[in-house]
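What follows is a single structure, written as structure tokens, with notes after it.
Keep in mind that the numbers below use all heavy atoms, side chains included, and drop hydrogens, waters and symmetry copies. Every number for a ligand or one of its atoms is a count from 1 in the order of the listing.
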Amino acid sequence: MYSLDLNQMSQNEFLSTYWQKKPVVIRQGFKDFTDPISIDEFAGIAMEETVQSRLLSKKNGQWQAEFGPFESYDHLGDRDWSLVIQALDNFSEEAAALIEPFRFLPHWRLDDLMASFATPGGGVGPHIDNYDTFICQGSGKRHWRVGDSGPHVEVIAHEALLHVEPFEAIIDVELAAGDILYIPPGFPHEGIALEPSMSFSVGFRANSAISLLSGFADHLIDHDLGGQLLEDPARQVITKSGEITKQDYASIKTQLQNLLDDDSLFQHFVGNFLTNAKHELDLMPSEAPFASDEVSELLGIHAIKRLGGLRAFYFSDTVNEGVCYINGEKVSFDCEIAPAIKLLCDQVIVSPEELMPWRSNIAFINLMVNLLDQGYWFWSEVE
Ligand code: SIN
Ligand code: CO
């Protein structure tokens, strides 16, 4: 269990002073920090087919990028390269534990846990992210520079690397294991390893209006909705046929607005959209379907744990009516089990004690059988 210490600052103070406003170094945010995963295990994960990984290096002043899965690292020297894995939380339960201390922020804002191993001189280069990141320094030391937000010129350092031109630092620090650097979107930054080192970035991303709109359009198409044509049976004779009148413009806008104002429709879309997995899940569906009595019995012995990277959310006004969203799908359930569903969505791990009241509830057991069969939840030891 990692426990976050914001250095005398309350979580509320952090949010009001720094969140989305300015970067800050939190020295020893994680006391006595040890890497959740060894460098060998990390390098092994980047050899897997489903994992998104990159090797970045600089040769004769030129940035190079290679993409995983990797077969070997023998061609690399002992300097100036970095191995980056996206969504490490989907592939390592131990690494996913680093997300837990940040649950004072809503999980729908979470993007993923990105991690890197870098040899001395290695890094990903100076860049700007469009997400809030908590860069948690693991073993080894890195030198970090962060510039102010504002206009910066971005340059394509390699077809896969968008960098930023040199910037003046407002933060210039050496981070050691357990130190955390929080950076809001828009602040240029660069970390360079001083020693072989690991770094774990817990990233929070917000959707742009354009990605929401294009997701909404896909949702309408998938559900065969929004196909109604504009109707104007009360049309009057006009004299200027080239004009789009204010009234016509308003009715065109209303046509679209009505879809957004239909809360049951738009909420359904938002629930599906926000629970869509951002990166491939490491799904291991059960080989044989679970039986209800077996699940009921096991719930009394084992905790249940949500698969790393799986997203499960609810809206406070519809969860009590028996609706939640899991992995991009609307899930309906008997509204009497809503308190148990909230536990599944709010917590990564739920203990037998917490599930005691639901162990003999048929509606809950049936849902659990389904979730376990799909590999969305799995049995875990009580922590
Ligand atoms: C890194 O781990 O080297 C990069 C993290 C970041 O800049 O977001
Ligand atoms: Co970054």
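- Relative ring orientation between Tyr2 and Phe30 is described as perpendicular, the plane-to-plane angle rising above 60° on a 0-90° scale split at 30° and 60°.
- Ring geometry for Trp379 against His302 counts as tilted: the plane angle lies between 30° and 60°, on a 0 to 90° scale.
- Note: Phe102 and Phe134 have tilted aromatic rings, judged against thresholds of 30 and 60 degrees for the angle between ring planes.
- Across Phe117 and Phe42, no two heavy atoms sit closer than the pair N-CE2, 3.6 Å.
- The aromatic rings of Phe315 and Tyr325 lie perpendicular to each other, with more than 60° between the two planes, well past the 30° mark.
- The minimum heavy-atom distance between Ile349 and Glu381, with the atom names listed, is CD1-O, 4.0 Å.
- Near ligand 1, residues Met114, Ser116, Val124, His127, Asp129, Ile135, Arg142, Trp144, His189, Ser199, Ser201 each place a heavy atom inside the 4.0 Å sphere around the ligand atoms.
- A donor-acceptor pair shorter than 3.5 Å cannot be found between the side chains of Asp80 and Ser57.
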Applying salt bridge (Lys or Arg N to Asp or Glu O under 4.0 Å) to Asp248 and Arg235, what does each step give before you reach the verdict?
CA-CA 10 Å; Asp248 281 349; Arg235 188 157 288 288; 3.0 Å; yes

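- Protein nitrogen, oxygen and sulfur atoms, that is N, O or S, within less than 2.8 Å of the Co ion (ligand 2) amount to 3.
- Taking the six-membered ring for Trp and thresholds of 30 and 60 degrees, Phe216 and His219 have nearly parallel ring planes, at less than 30 degrees apart.
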